[in-house]
Structure formats: structure tokens, C-alpha cells
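Reading through the C-alpha cells given below for one structure.
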Amino acid sequence: MSKNNRVTLDYIGYIESPFKEKFAIPRQPGLVKAAQGKVILTGDSNNADIVKALEQFSHIWLLFIFHGTQAQGWKPLVRPPRLGGNKKMGVLATRSTFRPNPIGMSVVELTSVEVSNQQVILHISGIDLLDQTPIVDIKPYIPYSDALPNADAGFAQTQPDINVSVTFSHSAQLSLTKYEQEYTGLSQLIEQVLAQDPRPAYKRDKVDDKVYGMTLYDLNIEWQMQDLTSLQVTQITKPCANTSTGNNQ
Ligand code: SAM
């Protein structure tokens, strides 16, 4: 630490993720097991020695920069989504992205470690990270020290009790069948992401007829609520594709 209370960090890599925008990213890791991604190590950290023995660990901590919100600065008080977005809490009592230093931490499953063509890649799942998120450190998850089942966690003691059932329209189902060949596990990913009801927290107990959309990989996925606990995926399209299965079925 220098005299002016500043520290300089070098990114050690970045994330490749199906989540291309903030909307609909799971609010914590592990909530969407089908969310798979990669850590691509870069620069001096792209060195096979740096990950020697890491494959012994089923889970790792990722320390990263909230690069997508960094420019917006931070606030002392924030409104956690799990409180419906209408109660303010101290930012340090939350996992908000709008922190004094935009540092995030997520425990993710390490499914494999790949070193090929002089490139180190960590395959991970259960992620809550935006595509291209910069990584500043990786540590093994150590259950005897990191898991504290009896810890008090105030307003965040238990996993949010949200489980919306997801169905697909005929048109969306046809598109899904087509795009699953390109994106293995796509249907589980869509179902698990939407089961969390990614709409803004204040809408959680409301049915609205708005058509919502999210981007996963390079696909646009649209859905509508049907009632409080179910929704239907109405359309899955690939904007750049010459033909759109979603529109012409
Ligand atoms: N598990 C981490 C933590 O506790 O530090 C992140 C928790 S934060 C509540 C999760 C949200 O951060 C996601 O739902 C997504 O909206 C947002 N997010 C993920 N990656 C981001 C990035 N690189 N920049 C900005 N926001 C990001």
C-alpha cells in the first residue's frame, strides 16, 4: 500500500460468460448451476505453473472487478433486491456492485482446468458474472474455513424463495431445439435463469403483461408472466442470423 492509500492491481484474466448484459444475471453464484463459463488467464498469469494442483479443488473463489458498473461510482446506502428494493442498507452490509472499491467475490464450481496451445483456461459453472469481467485473483475454496453453516446472516439468512415455473411456446420450443445444438444445456440455462424471476424486485409479487427480454450468448430470449408463479418463453431469436426460427414458425 502506498502513502496515498492507493493500490494498483493487474488483471490476471477475464471471464467468458453467456451473460452479455446485467439484466437477468443470477444474484449470487450457485443459484443457476447451468450457468457455465470460462476464466481465460492473461499476461504473466497465463502460465501453466500458476494452476498446478488447482484441479484438486472442486470450487474456487473468484475475486473480480464489477467493470460494468464501476463508472457509476458508489453509494453509502443501497436497496437490496431481496428486500423488495424498498429498504436501504449500508453498502458494506450488502453484496451490491456499487461499493467503494468495485470488487466482487464468487464461489464457483471448477469443472476442469485446461492448458492447451499455451493458454490456461478454467472451466467453471454456477456463475453470476457478466461476460468479460476482469479477474484479479483466484483462490481455492476451503470448506473447513470458508463454510460456516451456523453463521448469522441477517436479512440474507436463507436462499431467496423464488421458483417460477417456465414453459416454452411452440415457436420458442422449435428455436430451442435448433440452438441447443450450438449451446449445450441451453434449455436448462434459460429455465434456471428465469425460475429466479429476474424482473426488478418491486415487481416480484405482481403479474404484468410486459414482454421481457434478455440476451444469453448471442440469443434474444423473450418471455411473459402468466401468473405470479409461472411464465412462458415466447420467442428465442438470433438477431444476426439470416433466418429467425422464432418469428416464422
Ligand atoms: N457474488 C458476487 C459478490 O457477492 O460480490 C456478486 C454479487 S452481485 C449482487 C451479482 C450481480 O452483479 C449480478 O446479478 C449482476 O447483475 C452483477 N454483475 C456481475 N458481474 C458484473 C460486472 N462485471 N460488472 C457489473 N455488475 C456485474
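Quick caveat: nothing in here was measured; it's all calculated off a predicted structure. Counting starts at 1 for both ligands and their atoms, in listed order.
Summary of contacts: the protein heavy atom closest to atom 27 (C) of ligand 1 is F66 CD2, 3.7 Å. Shortest contact from atom 16 (O) of ligand 1 to any protein heavy atom: K22 CE, 3.2 Å. Given atom 10 (C) of ligand 1, the protein heavy atom at minimum distance is R27 O, 3.6 Å. Annotation: atom 20 (N) of ligand 1 to nearest protein heavy atom, L130 N, 3.1 Å. Looking only at protein heavy atoms, the nearest one to atom 13 (C) of ligand 1 is P26 O, 3.4 Å. In terms of protein heavy-atom proximity, atom 24 (N) of ligand 1 is nearest to G68 N, 2.9 Å.
Residues E109 and I124 are not in side-chain contact: their nearest non-hydrogen atoms beyond the backbone lie 4.5 Å or more apart. Residues L83 and F155 are in side-chain contact: their nearest non-hydrogen atoms beyond the backbone lie under 4.5 Å apart.
Within a 6.0 Å radius of CD in Q157, other residues, nucleotides and ligands contribute more than 12 heavy atoms. For K210, the NZ atom is loosely surrounded, since the number of other residues' heavy atoms within 6.0 Å does not exceed 12.
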request  = Carefully, step by step, assess D146 and W61 under the rule side chain to side chain donor-acceptor pair (under 3.5 Å).
outcome  = CA-CA 10 Å; D146 294 345; W61 283 105; 2.9 Å; yes

ask   = Checking side chain to side chain donor-acceptor pair (under 3.5 Å) for the pair K203/Y212: CA distance, chi angles, key distance, verdict?
value = CA-CA 12 Å; K203 294 216 171 170; Y212 289 91; 3.1 Å; yes

task = Verify side chain to side chain donor-acceptor pair (under 3.5 Å) between H123 and E114, making sure each step is shown before the conclusion.
result = CA-CA 8 Å; H123 296 266; E114 179 187 343; 2.6 Å; yes

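Nearest to atom 25 (C) of ligand 1 by heavy-atom distance, out of D128, T69, V107, is T69. Proximity annotation for atom 2 (C) of ligand 1: of R95, Q70, M105, R99, M105 comes nearest, heavy atoms only.
Residue T133 approaches ligand 1 through these ligand atoms, each under 4.0 Å from one of its heavy atoms: 20 (N), 22 (C), 23 (N). For ligand 1 and T97, the ligand atoms under 4.0 Å from any heavy atom of the residue are 12 (O), 17 (C), 26 (N). The atoms of ligand 1 that sit less than 4.0 Å from any heavy atom of P29 are 1 (N). Atoms of ligand 1 lying under 4.0 Å from any heavy atom of G104, numbered from 1 in the order shown and given with element: 5 (O). Within the listing of ligand 1, atoms 13 (C), 14 (O), 15 (C) sit less than 4.0 angstrom from a heavy atom of I25. With ligand atoms numbered from 1 in the order given, ligand 1 contributes 19 (C), 20 (N) to contacts under 4.0 Å with heavy atoms of L129. Below 4.0 Å from some heavy atom of I65 lie the following atoms of ligand 1, by number and element: 23 (N).
Ligand 1 is never approached by T94 to a heavy-atom distance shorter than 4.0 Å.
Side-chain N or O atoms of Q196 include none that pairs as donor or acceptor with a backbone N or O of R27 at under 3.5 Å. T177 places a side-chain N or O within 3.5 Å of a backbone atom of Q173 that can act as its donor or acceptor partner.
With respect to K206 and D208, no salt bridge is recorded, no charged nitrogen being found less than 4.0 Å from a carboxylate O.
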